[in-house]
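Scroll down for the structure; my scribbles are underneath it.
Lettering of chains follows the sequences in order, A, B, ..., and the numbering in each one begins at 1. For clarity, every value in this text was computed on a predicted model and none was experimentally measured.
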Protein chains: 2
Amino acid sequence: MAEPKSIVNPLFLRDEDLRQGIELLFFAYRDFTARGDAILAKQHFGRAHHRVIYFVGRHPGMTVSALLGILAITKQSLSRVLSQLVREDYIVQKTGVADRRQRLLHLTDKGRALEAELTSEQRARIMAAYKDAGAVSVEGFRKVMLGVMEPASRKHFQTPDK
Amino acid sequence: MAEPKSIVNPLFLRDEDLRQGIELLFFAYRDFTARGDAILAKQHFGRAHHRVIYFVGRHPGMTVSALLGILAITKQSLSRVLSQLVREDYIVQKTGVADRRQRLLHLTDKGRALEAELTSEQRARIMAAYKDAGAVSVEGFRKVMLGVMEPASRKHFQTPDK
DNA sequence: GGTTTTATGTCAATATTGCTGACATAATAT
DNA sequence: ATATTATGTCAGCAATATTGACATAAAACC
């Protein structure tokens with residue numbers, strides 16, 4: 001046989017490397033979310049609550065539609081989680097001024113506190129990994145991750161100000 | 001105020017960059033698994049079935065314990081999925097020779113076919129991203145991902161032969 | 001001004017994934 | 001002979017997600 005693929009593909013595109021890529025994503029994502037899940041479980045919340053809190057914290061005043069667009073789940077799925085968060089005073093919905101159909105989403109103080117607790121752990125994890133790897137590696141990480149995601153998802157990373 | 005953090009942290013460790021890191025992981029992982037989930041749904045399987053098929057394909061003859069160690073779930077959770085896959089002839093269990101308590105796991109032809117269908121899509125996705133990003137970026141990606149995961153998970157990436 | 005579309009919410013039924021706890025069997029190790 | 005290990009299974013529970021159907025209020029269109 002004499003390895004036909006090694007002629008066609010550069011060394012970093014061998015089947016073994018691609019499988020390693022698959023596994024890097026699996027283990028990194030799993031470990032990345034594990035701690036947050038544990039914190040949430042104490043509040044009887046799950047990862048879905050975390051995502052909602054995270055993105056509402058990131059984009060205060062966002063609409064429900066925009067959140068649905070980011071999370072890519074159905075409104076019925078979001079509804080339960082969002083209702084809980086509103087009911088338990090982590091999120092408030094303010095009627096839109098320009099468009100009164102909209103329920104603009106904001107974190108409450110309680111919501112901000114939980115967001116900080118959850119995100120700080122993940123931010124610390126990313127920071128440690130970035131620091132160890134160095135700026136050049138971080139740029140490579142960024143490029144590969146953007147390549148892995150769907151083109152539609154990349155628009156969340158356009159940097160208008162940078 | 002005059003941005004005290006920008007003095008302490010290099011440019012690539014600003015809060016904005018760390019948040020972007022969190023989001024890169026979220027979107028990349030979500031999009032990475034979406035297509036496979038869709039294929040599985042037709043078979044009335046889910047992502048858990050994919051993971052089992054993937055790792056059994058990767059390590060033929062592995063024990064149930066080893067699989068549990070990799071997936072980091074309970075044996076009860078694995079049991080349902082594994083039983084289904086055995087019942088529907090995707091995986092066979094062979095009694096261990098040295099230790100007859102073990103049920104060594106192997107894919108059947110049917111299992112290998114499904115594994116190929118699922119993995120080829122993900123491999124193609126990784127390959128495209130790697131190609132676009134280039135070898136240096138891939139090495140950076142690798143470093144960051146290893147940094148993000150738990151030390152215990154890193155042992156799955158030791159390269160005894162390379 | 002009447003019709004259509006949009007933004008949001010809700011009810012009901014279902015599937016998948018995970019958990020804990022309890023118990024069982026067979027085989028290996030001490 | 002006893003303890004431990006590898007594996008399996010039953011039962012119950014919780015979280016996340018789905019589809020489908022229906023409802024309301026507000027904006028947009030003609």
Side-chain angles (χ1 to χ4, degrees), chain A residues 26 29-30 33-34 36-56 61-88 91-106, chain B residues 26 29-30 33-34 36-56 61-88 91-106:
Chain A
F26 169 70
Y29 191 77
R30 193 194 57 187
T33 54
D37 290 354
I39 293 170
L40 267 304
K42 281 184 248 161
Q43 258 91 3
H44 301 286
F45 287 157
R47 197 180 298 174
H49 299 84
H50 185 177
R51 295 199 280 247
V52 170
I53 286 179
Y54 176 84
F55 284 110
V56 172
M62 78 189 306
T63 65
V64 173
S65 310
L67 184 54
L68 283 173
I70 285 177
L71 298 177
I73 58 175
T74 60
K75 67 177 175 180
Q76 294 92 326
S77 298
L78 174 59
S79 172
R80 192 172 352 138
V81 171
L82 187 55
S83 306
Q84 277 178 285
L85 290 170
V86 169
R87 204 181 313 125
E88 300 186 27
I91 283 178
V92 280
Q93 295 175 301
K94 297 180 185 169
T95 299
V97 181
D99 186 337
R100 288 168 42 80
R101 290 171 303 181
Q102 298 177 332
R103 300 293 127 81
L104 306 180
L105 305 172
H106 298 266
Chain B
F26 170 69
Y29 191 77
R30 193 196 57 185
T33 52
D37 289 355
I39 293 169
L40 267 304
K42 284 184 249 164
Q43 258 94 2
H44 300 287
F45 288 156
R47 198 180 297 174
H49 299 85
H50 186 177
R51 294 199 280 250
V52 169
I53 286 179
Y54 177 84
F55 283 110
V56 171
M62 78 188 306
T63 65
V64 173
S65 309
L67 185 54
L68 283 173
I70 285 177
L71 298 177
I73 59 174
T74 61
K75 67 177 174 178
Q76 294 93 325
S77 298
L78 175 59
S79 173
R80 195 177 350 163
V81 171
L82 187 54
S83 305
Q84 277 178 283
L85 290 170
V86 169
R87 203 180 313 124
E88 301 186 27
I91 284 179
V92 280
Q93 295 175 302
K94 297 181 185 170
T95 300
V97 180
D99 185 338
R100 288 169 40 82
R101 291 171 303 182
Q102 298 177 332
R103 299 293 129 80
L104 307 181
L105 305 172
H106 298 266

Which residue lies toward the 5' end of DNA chain D, B:Ser65 or A:Arg80, if each is placed at its nearest nucleotide?
-> B:Ser65

Quiz item: B:Gln76 side-chain donor-acceptor pair to D:dG8 base, under 3.5 Å | no

Stepwise side chain to side chain contact (heavy atoms under 4.5 Å, CB included) test for A:Thr95 and A:Arg103 = CA-CA 5 Å; A:Thr95 299; A:Arg103 300 293 127 81; 4.1 Å; yes

Give the angle between the helix axes at the two ends of the helix from C:dG1-D:dC30 to C:dT30-D:dA1, taking five base pairs at each end and rounding to 10°.
-> 30°

Please list, for nucleotides 22-26 of chain D, all pairs of protein and nucleotide N/O atoms separated by less than 3.5 Å.
from   : atom 1 : to       : atom 2 : distance (Å)
D:dA26 : OP1    : A:Arg100 : NH2    : 3.1

How long is the line joining CD1 of B:Ile73 and C1' of C:dT20, in whole Å?
-> 14 Å

Check the distance between C:dG9's P and A:Leu82's CG and give it to me in whole angstrom.
-> 6 Å

Starting from the 5' end of DNA chain D, give me the residue, A:Arg51 or A:Val97, whose nearest nucleotide shows up first.
-> A:Arg51

Heavy-atom pair with the smallest gap, counting every atom of A:Ser79 and A:Ser83 | O-OG, 2.5 Å

Do the side-chain N or O atoms of B:Thr74 get closer than 4.0 angstrom to the phosphate oxygens (OP1, OP2) of C:dG18?
-> no

Between atom OG1 of B:Thr63 and atom CD of B:Gln102, what is the distance when rounded to the nearest 0.5 Å?
-> 5.5 Å

Whole-Å distance between C:dT17 C1' and A:Arg30 CZ?
-> 15 Å

Could you give the CG-to-C1' distance, from B:Leu67 to D:dA6, as a whole number of Å?
-> 14 Å

Could you check A:Gln102 against B:His50 and say which one's nearest nucleotide on DNA chain C is further toward the 5' end?
-> A:Gln102

May I ask you to say what A:Gln84 touches in the nucleic acid, namely base, sugar-phosphate or nothing, with a heavy-atom cut-off under 4.0 Å?
-> nothing

Separation of B:Leu105 atom CG from D:dA6 atom P, in whole Å?
-> 14 Å

Identify the two heavy atoms, one from A:Ala72 and one from B:Arg30, that lie closest to each other, and give their separation to 0.1 Å.
-> CB-NH1, 3.3 Å

Between C:dT10 and A:Ser79, is there an OP1 or OP2 to side-chain N/O distance shorter than 4.0 Å?
-> yes

Can you name the residues that form a side-chain contact (heavy atoms from CB on, under 4.5 Å) with B:Thr74, not counting sequence neighbours?
-> B:Gln76, B:Ser77

Can you check whether A:Leu40's main-chain N or O pairs, donor with acceptor, with A:Arg47's side chain at less than 3.5 Å?
-> no

Side chain to side chain contact (heavy atoms under 4.5 Å, CB included) partner of B:Val56, the single match among B:Ile91, B:Leu85, B:Leu104, B:Val92 | B:Ile91

Could you list the residues that satisfy side chain to side chain donor-acceptor pair (under 3.5 Å) with A:His49, not counting sequence neighbours?
-> A:Gln84

Between A:Leu82 and A:Gln93, is a side chain to side chain contact (heavy atoms under 4.5 Å, CB included) present by the stated rule, with each step listed?
-> CA-CA 10 Å; A:Leu82 187 55; A:Gln93 295 175 301; 4.0 Å; yes

Closest heavy-atom contact between B:Phe26 and A:Leu71?
-> CZ-CD2, 4.2 Å

Whole-Å distance between C:dA7 P and A:Leu104 CG?
-> 12 Å

Return the residues of residues 36-46 of chain A meeting this criterion: a heavy atom under 4.0 Å from some atom of DNA chain C. Order them by number, or give none.
-> none

Residues forming a salt bridge (charged side-chain N to carboxylate O under 4.0 Å, His left out) with A:Arg101, sequence neighbours excluded = A:Asp99

Proximity to the side chain of B:Val64 - top-ranked nucleotide from D:dA21, C:dG18, D:dG8 | D:dG8

Can you tell me how far the CZ atom of A:Phe55 sits from the CG atom of A:Leu105, to the nearest 0.5 Å?
-> 13.5 Å

May I ask you to evaluate whether A:Ser77 reaches the phosphate of D:dT16, defined as a side-chain N or O under 4.0 Å from OP1 or OP2?
-> no

Check whether any side-chain nitrogen or oxygen of B:His49 sits under 4.0 Å from OP1 or OP2 of C:dT17, and answer yes or no.
-> yes

Check the distance between D:dG8's P and B:Ile91's CD1 and give it to me in whole angstrom.
-> 11 Å

Here the distance between atom P of D:dA6 and atom CD of B:Gln93, to the nearest Å, is 16 Å

